[in-house]
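To start, the structure itself, in structure tokens.
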Protein chains: 2
Amino acid sequence: MKPFIVIAEDEAAVSELLRYNLEAEGYEAAIAHDGEEAMLLINERVPDLILLDWMLPKVSGIEICRRVRARQTTANLPIIMLTARTEETDRIRGLQTGADDYVSKPFSNNELMARVQAVLRRIRPALVEDIITVGDIMIDRATHSISRAGTDIHLGPTEFRLLEFLAQHPDRVYSREQLLDGVWGSDVYVELRTVDVHIGRLRRALMINGRDNPIRTVRQAGYSLRKN
Amino acid sequence: MKPFIVIAEDEAAVSELLRYNLEAEGYEAAIAHDGEEAMLLINERVPDLILLDWMLPKVSGIEICRRVRARQTTANLPIIMLTARTEETDRIRGLQTGADDYVSKPFSNNELMARVQAVLRRIRPALVEDIITVGDIMIDRATHSISRAGTDIHLGPTEFRLLEFLAQHPDRVYSREQLLDGVWGSDVYVELRTVDVHIGRLRRALMINGRDNPIRTVRQAGYSLRKN
DNA sequence: TGCAAGTGTCACATATCTGTCAAACACACA
DNA sequence: TGTGTGTTTGACAGATATGTGACACTTGCA
């Protein structure tokens, strides 16, 4: 399951950008525009991480931090404080109040993502799902192994990532463009047709000892991994 | 010592099969047929893992999960929920309540075992035992000695630590970066490729009198020590 | 001081994977 | 049944990643 992150940030531009980036990295994110909303969100569903603006309307960030820490169920919930202030004293105060980390605005997306990952790793080592199963296909990311109906299957790096990607949303059809973006990365340029070739290779690997083809071709649209 | 697993599952056919399979994999398992029994078992001896049916007579699975989490001694006890339901909401609810993973019935034995291992792997990071065995390789930390299938093997300090590190989570793939961090320390700077060289040396040492290569290379990902 | 053992780097040898193409093949539609 | 379009597939020439021998340098010890 995707880690769930609450963004408590008043400024719409910042919070939307954050959400966009977090979701692109595979997190689920919800936005609260003030302190009250944030507490509601947190009560409703305990997040895996809070990105918390220091200055927040209604209930201040620092107060939220206190309340979160005071409660049993959320006492260890990781918090990253966002703040415009850069002075050492504020940093110390933030950390004293119980924030796990601290990023001052303006921050680079890279930096923030790195911190988010670091904090999640530290607090709860393996939030990313280690094992995904789709039908009789099993993907174990920790051991980097794939099996189908119990038989181990060897895949090259690209096919591995491709399967991993398709498996995140079984039955969902991905266009070649989306696959290139998600598997190869948006910065490299390769022919669209290359996707077909890799799909073919993946198919051949998965159709081991006479099993059926688990990848569906949707003409004019793309490919999807069958759920059943 | 064998990891001890409590199976809280009403249906006799399922629970017996589970016990059989778990014991075949080298775990010790006890069965509870309802929620009360489960709590008794857990109180009597804290297990390493609970396989918990969502629907359980007397005290429900979800309630057990809560109680286990509420108590200090068992707060971090890994729980895998078993359930017939497959809906996303249930899954979320299960994970929210504090289950570490989730398997929906009917499940394949392979999948369940993989998940059991994954959960144990991540929750019990480094069991500080003096002697670790992985396959036919034995590491004695007390005497700092290694043997394979009974034959003593001499390793340099770095190769020793490398093997020790890999052996903590057999089959798990470590990237070169992780290995540098864990074996060399995050403060020293050495070339990434140095890892390869040491892996090579370790391999040569371990492949004594014609034994097979116990270290798997995963292209673009890293290395792992084979369990079998 | 000399020696033995261990280390990190490099350069080259190998192994493996990739992207592209073109020809073969499927499919929808007239 | 023919036609145009989209997909599959085998072959292949790089491109990349990994394996490994050599070597210079350090360290601990006799």
Side-chain angles (χ1 to χ4, degrees), chain A residues 144-146 152-166 173-208 211-226, chain B residues 144-146 152-166 173-208 211-226:
Chain A
H144 244 260
S145 61
I146 308 281
D152 279 347
I153 288 174
H154 172 82
L155 295 181
T158 308
E159 278 88 55
F160 187 92
R161 287 199 305 278
L162 182 55
L163 177 60
E164 205 180 0
F165 189 82
L166 289 169
V173 177
Y174 290 98
S175 69
R176 283 163 241 270
E177 285 87 351
Q178 288 176 307
L179 292 171
L180 276 184
D181 255 34
V183 176
W184 277 257
S186 45
D187 41 355
V188 300
Y189 178 75
V190 290
E191 287 294 319
L192 272 190
R193 291 261 143 244
T194 302
V195 174
D196 301 22
V197 176
H198 281 275
I199 287 282
R201 288 170 181 162
L202 181 54
R203 274 187 177 135
R204 193 173 343 156
L206 290 172
M207 286 164 74
I208 197 163
R211 304 232 131 226
D212 65 350
N213 180 355
I215 298 176
R216 184 168 58 118
T217 304
V218 181
R219 225 148 195 272
Q220 302 259 47
Y223 299 97
S224 77
L225 183 63
R226 277 187 236 276
Chain B
H144 239 254
S145 60
I146 308 282
D152 278 349
I153 287 173
H154 172 81
L155 294 181
T158 309
E159 276 89 56
F160 186 90
R161 286 200 307 278
L162 182 55
L163 178 59
E164 201 182 3
F165 189 83
L166 288 169
V173 176
Y174 291 98
S175 68
R176 284 161 238 272
E177 285 88 349
Q178 288 176 307
L179 291 171
L180 278 183
D181 255 33
V183 176
W184 278 258
S186 45
D187 41 355
V188 299
Y189 178 74
V190 290
E191 287 294 319
L192 272 190
R193 297 287 267 99
T194 302
V195 174
D196 300 22
V197 175
H198 280 274
I199 287 282
R201 289 171 181 163
L202 181 53
R203 276 189 177 134
R204 196 174 339 159
L206 291 172
M207 286 164 75
I208 197 162
R211 304 231 132 228
D212 64 350
N213 180 355
I215 297 176
R216 178 170 65 123
T217 303
V218 181
R219 228 149 197 269
Q220 296 240 292
Y223 299 96
S224 76
L225 183 63
R226 276 187 236 275

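Bear in mind the structure is a predicted one, so any value in this text is a computation, not a measurement. Both backbone and side-chain heavy atoms feed into the values below; hydrogens, waters and symmetry mates do not. Below, read A as the first sequence line, B as the second, and so on, with proteins coming before strands; counting in each chain starts at 1.
Annotation: proximity of residues 195-205 of chain B to DNA chain C (heavy atom, distance under 4.0 Å) is found for B:Val197, B:His198, B:Arg201, numbered in ascending order.
Straight-line distance from the CZ atom of B:Phe160 to the P atom of C:dT7: 13 Å, rounded to whole Å. Straight-line distance from the CD atom of B:Glu159 to the C1' atom of C:dT7: 9 Å, rounded to whole Å. For the pair B:Met207 CE and D:dT20 C1', the computed distance is 13 Å after rounding to whole Å. Taking atom OH of B:Tyr189 as the reference point, atom C1' of C:dG8 lies 11 Å away to the nearest angstrom. B:Leu192 places its CG atom 16 Å from the C1' atom of D:dG19, with the value rounded to the nearest Å. Spacing between atom CG of A:Leu179 and atom P of D:dT7 amounts to 13 Å, rounded to whole angstrom units. When rounded to the nearest whole Å, the span between CD1 of A:Ile215 and P of D:dT7 equals 15 Å. Rounded to whole Å, the distance from CG on B:Leu180 to P on C:dT9 is 9 Å.
Here the CG atom belonging to B:Leu202 is positioned 6.0 Å from the CG atom belonging to B:Leu155, to the nearest 0.5 angstrom. Of the inter-residue distances, the one linking A:His198 atom NE2 with A:Leu179 atom CG reads 11.5 Å to the nearest 0.5 angstrom.
Using modelled atom types and a 3.5 Å distance limit, the side chains of B:Arg203 and B:Thr217 yield a donor-acceptor pair.
At the phosphate of D:dT7, OP1 or OP2 sits under 4.0 Å from a side-chain N or O atom of A:Arg193. Contact annotation: A:Thr158 side-chain N/O to C:dC17 OP1/OP2 distance is not under 4.0 Å. Look at A:Trp184 and you'll find a side-chain N or O under 4.0 angstrom from OP1 or OP2 of C:dG19. Side-chain N/O atoms of B:Thr217 include one lying less than 4.0 angstrom from OP1 or OP2 on D:dG19.
For A:Thr194, counting side-chain heavy atoms from C-beta on, the closest listed nucleotide (C:dG19, C:dG8, C:dT18) is C:dG19.
In this structure, B:Tyr223 reaches the sugar-phosphate backbone alone: every heavy-atom distance under 4.0 Å involves primed, P, OP1 or OP2 atoms, never a base.
Looking only at side-chain heavy atoms (C-beta outward), A:Leu225 and A:Pro214 come within less than 4.5 Å of each other. Residues A:Tyr223 and A:Asp196 meet the side-chain proximity criterion, which asks for heavy atoms closer than 4.5 Å. In this structure, A:Val197 and A:Thr158 have side chains that are not in contact, with every pair of non-hydrogen atoms separated by 4.5 Å or more. Between A:Arg176 and A:Arg193, some side-chain heavy-atom pair lies under the 4.5 Å cut-off.
The shortest heavy-atom contact between B:Glu177 and B:Leu192 is OE2-CD1, 3.8 Å. Between A:Arg216 and A:Val173, the shortest heavy-atom contact is NH2-CG2, 3.6 Å.
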#### Entry: Under 4.0 Å protein heavy-atom contact, by nucleotide of nucleotides 24-30 of chain C - B base, S sugar-phosphate only
--BB---

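Between B:Gly222 and A:Gln220, the one whose closest nucleotide on DNA chain D sits nearer the 5' end is A:Gln220.
Ring-plane geometry between A:Phe160 and A:His144 is classed as parallel, the angle between the planes falling under 30 degrees on a 0 to 90 degree scale with a further cut at 60.
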